[in-house]
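Protein chains get the first letters and strands the later ones, always in sequence-line order, with residue 1 at the start of each.
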Protein chains: 4
Amino acid sequence: MITVGIVGGTGYTGVELLRLLLGHPQVTVTILTSRTEAGRRVDDLFPSLRGHTDLTFSDLDTAQLKQCDVVFFATPHGVAMQHAEQLLAAQTKVIDLAADFRLQDLLQFEKWYGMTHQCPNVLKSSAYGLSELNRDKIKAASVVGNPGCYPTTVQIGLAPLLKHERALIDPTRIIVDAKSGVSGSGRKANMAMIYTENADNFKAYAVQGHRHHPEIVEALEQISGQKGLFNDLIFVPHLVPMIRGMLSTIYVDLTTVGSEIDLQKLYLDFYANEHFVDVMPENSSPETRSLRGSNQIRVALHKIQANKLIILVAQDNLVKGAAGQAIQNMNIMFGFAEDSGLDGIALLP
Amino acid sequence: MITVGIVGGTGYTGVELLRLLLGHPQVTVTILTSRTEAGRRVDDLFPSLRGHTDLTFSDLDTAQLKQCDVVFFATPHGVAMQHAEQLLAAQTKVIDLAADFRLQDLLQFEKWYGMTHQCPNVLKSSAYGLSELNRDKIKAASVVGNPGCYPTTVQIGLAPLLKHERALIDPTRIIVDAKSGVSGSGRKANMAMIYTENADNFKAYAVQGHRHHPEIVEALEQISGQKGLFNDLIFVPHLVPMIRGMLSTIYVDLTTVGSEIDLQKLYLDFYANEHFVDVMPENSSPETRSLRGSNQIRVALHKIQANKLIILVAQDNLVKGAAGQAIQNMNIMFGFAEDSGLDGIALLP
Amino acid sequence: MITVGIVGGTGYTGVELLRLLLGHPQVTVTILTSRTEAGRRVDDLFPSLRGHTDLTFSDLDTAQLKQCDVVFFATPHGVAMQHAEQLLAAQTKVIDLAADFRLQDLLQFEKWYGMTHQCPNVLKSSAYGLSELNRDKIKAASVVGNPGCYPTTVQIGLAPLLKHERALIDPTRIIVDAKSGVSGSGRKANMAMIYTENADNFKAYAVQGHRHHPEIVEALEQISGQKGLFNDLIFVPHLVPMIRGMLSTIYVDLTTVGSEIDLQKLYLDFYANEHFVDVMPENSSPETRSLRGSNQIRVALHKIQANKLIILVAQDNLVKGAAGQAIQNMNIMFGFAEDSGLDGIALLP
Amino acid sequence: MITVGIVGGTGYTGVELLRLLLGHPQVTVTILTSRTEAGRRVDDLFPSLRGHTDLTFSDLDTAQLKQCDVVFFATPHGVAMQHAEQLLAAQTKVIDLAADFRLQDLLQFEKWYGMTHQCPNVLKSSAYGLSELNRDKIKAASVVGNPGCYPTTVQIGLAPLLKHERALIDPTRIIVDAKSGVSGSGRKANMAMIYTENADNFKAYAVQGHRHHPEIVEALEQISGQKGLFNDLIFVPHLVPMIRGMLSTIYVDLTTVGSEIDLQKLYLDFYANEHFVDVMPENSSPETRSLRGSNQIRVALHKIQANKLIILVAQDNLVKGAAGQAIQNMNIMFGFAEDSGLDGIALLP
């Protein structure tokens, strides 16, 4: 049994962490902080938790957090990096669900997040928490930067191609047309997010540049082991009038080798031992609702012309795209079964 | 052709007024004010208006407003009452879509809206804008207080009973179980209103007291001509995960007389000449979507036991419940055909 | 470990039973039947189950069902009663999620379901599965008729009042204004149920009579121990554009005794030992989303005048209103912990 | 004043034609047919029309249709081609909203629609009804094949590039990632279309081939005047949980010439005189809700790299994508103002 702290428990990743961790057999959540709700019972703010916890929000107190075995930061960008060093000094592990430990490139971090990194050394020794692709690093790490939701779909969708010994796709011609439910924007008093501005509506956004773009590029470089290959990648996110769910439609050009190989088999083999990655039958269409509340991520391949491949990748943006993967990483870090606390079945309908 | 000003054009009643008035054949909208968006083209904020207007938001300037024949206030409560006297002095008529001119009872106004009325004399001479029930007063008035959305459904639903020469229902036993789409809450940066807090959800709210309650009571007293009759009326509003639409399910106890009369005929006769009130066949179920964007209001009667009547009343809360009825009142005030600019058909599906 | 069969696994209660039973520690689902999908993997029809089961739909074969310890019927009305006797003869218990074992009054059954009952003797010995109110009978029964979703909310909402030794409310003046998500209509190819006919819409339905009305009346008679008391109960269901969720707004008139008693304490005491009944603080407003996927049911009291009480009751119609309560009943029948397999936390947002 | 018949008035394009035509100043709808609803008042089926028409559905009677000046077919594919010749013989013009007169390539028609064309000669003389691009042909035609919804977005999105005298894009590298609201599937009793299968969900569909694909290819050949250029075009449609609305995200590779030209100016000039095509400021993001109920179509350009262009095209699939454009074509055929009956403003929110 380990003790867990959650910093920033009033957002959607915070309450999702709680939902999952309260059912985790090897974990006790001991601290839950909030700047604005300190002193309030968490089940008063989130009645879905009534009957499941007596936790009360508290102020962020580093001394208390140091008592925990691990602390999750479900905070805005820039918070975790202010506390990481202190926690590490106390042997408390850190899993950040914001962007502080996602980008190794400090210039990119500054450019996209508008702040200077506070602990570049910690960043250097941190692991990027795409569980399936960095398991060994995560196991050894004390600080994990949990991936962005969009980058998770792109990496899972492309890794089997990029990890192959031969060049299977043209890295300069990747297009990611991504679609997300509204919970991806968090829980904020923001006019653009109100019900009546989003219901029965569809739009693209951040077409000129989204913070997840540099993360995707850096991650694909990491996966392929080659710098500078993916600078032409196109990434266009869209907003879907649904609560949870994310689908990336990824268009790639196959090389001659890529067009001759059995790609379905490649993916099945690559993910054969992965509990959470579901390679569906060829030409399937994963529905986001089939993942509602689950940590699974579904991949389906469509070869539509001799040398064109479409990869559909779907997940629950709050689970595999955020809180679920964070717990998966915790499980790896502490040697628990990787699906411990994460074996829930998606809620359909 | 009259000239029209709109004060507060950035909310949903503001943009709905614009949608309807831009298509009104006897009206030119000349001024549109906003505290926050002055200088911005309205179609930049509301792209639905692109191609339909070149209007730009301006600061509220009473001198300019005085040039208008009529000014609509689509503002928070308490704004119209600050400008009404000046405008009246300039022969500019005023239609307030907020609550400043709804309640004649100043104590109730203070209690529910938390402010002292600024122009009680204007209030006294103003008309309450339930078009079908106060047509003569509205015609003669220079200031109209446009009704709340819920009160509109209740008045239309009960007027034929209450206007009858004999007592048809027990006034102490009226229950209004009302349901509204989210646009009734307006366009505000408010966490409780964001998409993810409202989609796929249903709840009651303000069960202990809603501002429309005193308005309903005062209006029913007005309609029936009897003070103090409706103090026991129960009104419980609920929030529906839809953009527009409102349905009130009204439960009444029939008196012996009421249970013997042909109620369907009573309603058909009462509203025989009303363009916007649709008395549906007995035992019908009006759907809110059948009114989306339209100024109609549908009423259906269900006599379910010898002395129990259920009245279903549905409308688009932004049209008959707000902007549409305001324009209907303008038409009455200026002697236009009552459906001028209001003949659009509901958008279904 | 017991073996479980599910007859009719292609509807929403079927897949919800599976979702919950696959996570139940004392249960193995061995048979899942479908008339139309026999031979197909269940996770092909419901991809949410991929990775969680290898079950395949089979034809209904009574011989096979007899091998099970218990069989759930998630079928249309009238199926369970055709197989109950045979299964009982083989010591296989039966839990019917349709209406075959809900109404003891055979005439009401014929009137509302348009069929003659096939096994009135089994019906007589069956238990009505409102778990909290009939626990002893359920424990002893071999056949359980699982309650309708609406009746569950009404019984939980009124039981503390009706079980009291003194008359707390006027039984002739109960009004239930109920609202349900669309999944209550099941999974059927039906034009009235398509997305575009239900989204962004709200309406009442079955105002002239709903099958759950006689069930509510009979159940309240049972609870209060008095026949004929509730014939004037009014029940009006409405359809909410959401997937899951149900809220009943119940209006009652308090007697003098009822108006003097501490009702909040009454409810808290009555449900003090009930795991799934959540009596919220007075004047709360339960949101249906706080129950999405959970077997809990939330009750909140609003005393709005000296002698008027409003009771709000919310649940997930597919869980406490159907599959969850069915499993709760199974737990009671087999002596398992009542929350075994039912301890999931609601999915919010 | 012309007389209009509508064949197939029970679907969504049928009721949308009615909504628009009942408000058209130069049109009287005289006949409305339905195989299943003959004898029923149309406003009984569609209460949104109550108060706006007394029309009753009738059986399809060619003799009666011949009395009309023009007949719209809002029917399944294959109906219009059975009646076109007879109607033409009577000087009655035909506008088909299904696919009978969209594809000139008869083999493609047979392949994708599974039927042999019944009147290839009429097809040959018919006009393809993309109003802005084929105005002269439409004006002269007696039969118009109204475009599919997806093809309308793609043609409007690409025409300025393809009509240019020089090659601006690589025609072999066009990707159309399209998203549609559910009303695009029509009004049918179909399990895959029910609310609970579509709400809070997102998915791709028909990735391996959609009927609009050959129509897009043929249309682009027509526009560019070059056969065989667009065989590599990729088209992937997705289903959005909303009622109306369509957005196509079109990815193209610019040639050297294309990357040097002022593309925004090209589009503004190309559509300068088009009432319904709204070229938005560069880097805008058109929202589908800004077009709800309107015949406008919005285009926005995003040049994201030196030689990559993203074109966003949004419309209401039932208006510009179906009924609205059909009426626009009627206006062209009869010499009415092109926006006659089509000047409504989108319903936002």
Side-chain angles (χ1 to χ4, degrees), chain A residues 10-16 19 34-37 40 44-48 50 149 180-205 238-246 288-289 292-293 316-319 321-323 346-349, chain B residues 10-16 19 34-37 40 44-48 50 149 180-205 238-246 288-289 292-293 316-319 321-323 346-349:
Chain A
T10 63
Y12 291 138
T13 50
V15 66
E16 189 69 355
R19 180 180 73 88
S34 161
R35 281 169 307 166
T36 55
E37 303 287 349
R40 186 175 178 186
D44 184 49
L45 184 65
F46 295 119
S48 55
R50 284 177 62 90
C149 46
S180 174
V182 182
S183 64
S185 308
R187 188 167 168 275
K188 278 173 276 185
N190 181 327
M191 183 128 66
M193 287 167 58
I194 66 176
Y195 181 86
T196 30
E197 299 283 308
N198 287 282
D200 211 55
N201 188 34
F202 187 83
K203 66 174 176 190
Y205 70 101
H238 301 74
L239 199 57
V240 183
M242 63 182 175
I243 299 174
R244 292 164 178 249
M246 175 168 285
T288 61
R289 67 184 185 130
R292 193 184 289 131
D316 183 325
N317 56 300
L318 290 182
V319 191
L347 204 64
L348 177 154
Chain B
T10 63
Y12 291 138
T13 49
V15 66
E16 190 69 355
R19 180 181 73 88
S34 162
R35 282 168 307 165
T36 55
E37 303 288 349
R40 186 175 179 187
D44 184 49
L45 184 65
F46 295 119
S48 55
R50 285 177 62 88
C149 46
S180 174
V182 183
S183 63
S185 308
R187 188 168 167 276
K188 280 174 273 185
N190 182 326
M191 185 127 66
M193 287 167 58
I194 67 177
Y195 181 87
T196 29
E197 298 283 309
N198 288 283
D200 211 56
N201 188 35
F202 188 83
K203 66 174 176 190
Y205 70 101
H238 300 74
L239 198 57
V240 183
M242 62 181 175
I243 300 174
R244 292 165 178 247
M246 173 168 285
T288 61
R289 66 182 185 131
R292 193 184 289 131
D316 183 325
N317 57 301
L318 291 182
V319 192
L347 205 64
L348 178 156

- Query: What's the shortest heavy-atom distance between B:Ile194 and A:Gly186, and which atoms?
  - Reply: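 Closest approach of B:Ile194 to A:Gly186, heavy atoms only: CD1-O, 4.1 Å.
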Residues in side-chain hydrogen bond (donor to acceptor under 3.5 Å, both in side chains) contact with A:Thr288, at least two apart in sequence or another chain: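 If we apply the side-chain hydrogen bond (donor to acceptor under 3.5 Å, both in side chains) test to A:Thr288, skipping adjacent residues, the hits are D:Asn201.
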Non-hydrogen contacts under 4.5 angstrom with chain A: give the residues of residues 238-245 of chain B involved, or none if there are none.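 Against chain A, the residues of residues 238-245 of chain B that fall inside the cut-off (heavy atoms, under 4.5 Å) are B:Pro241, B:Met242, B:Ile243.
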**Message:** Distance check, rounded to the nearest 0.5 Å: A:Met193 atom CE versus B:Met193 atom CE?
**Reply:**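 A:Met193 CE to B:Met193 CE: 12.5 Å, rounded to 0.5 Å.
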Which residue pairs satisfy the salt bridge (charged side-chain N to carboxylate O under 4.0 Å, His left out) criterion with at least one member in residues 180-194 of chain A, sequence neighbours excluded?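 Salt bridge (charged side-chain N to carboxylate O under 4.0 Å, His left out) check on residues 180-194 of chain A returns A:Arg187-B:Glu197.
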Quick check: are there more than 12 heavy atoms from other residues, nucleotides or ligands sitting under 6.0 Å from CZ of A:Arg40?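 Yes, CZ of A:Arg40 has more than 12 neighbouring heavy atoms, counting only those of other groups under 6.0 Å.
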Point to revise | Listed partners of B:Tyr195 passing ring pair (Phe, Tyr, Trp, His ring centres under 6.0 Å), at least two apart | key: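 Per chain and number, B:Tyr195 pairs via ring pair (Phe, Tyr, Trp, His ring centres under 6.0 Å) with A:Tyr195.
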Between A:Asn198 and chain B, with a heavy-atom cut-off of 4.5 Å, which part of the residue counts as in contact: side chain, backbone, both or neither?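 The answer is both parts of A:Asn198.
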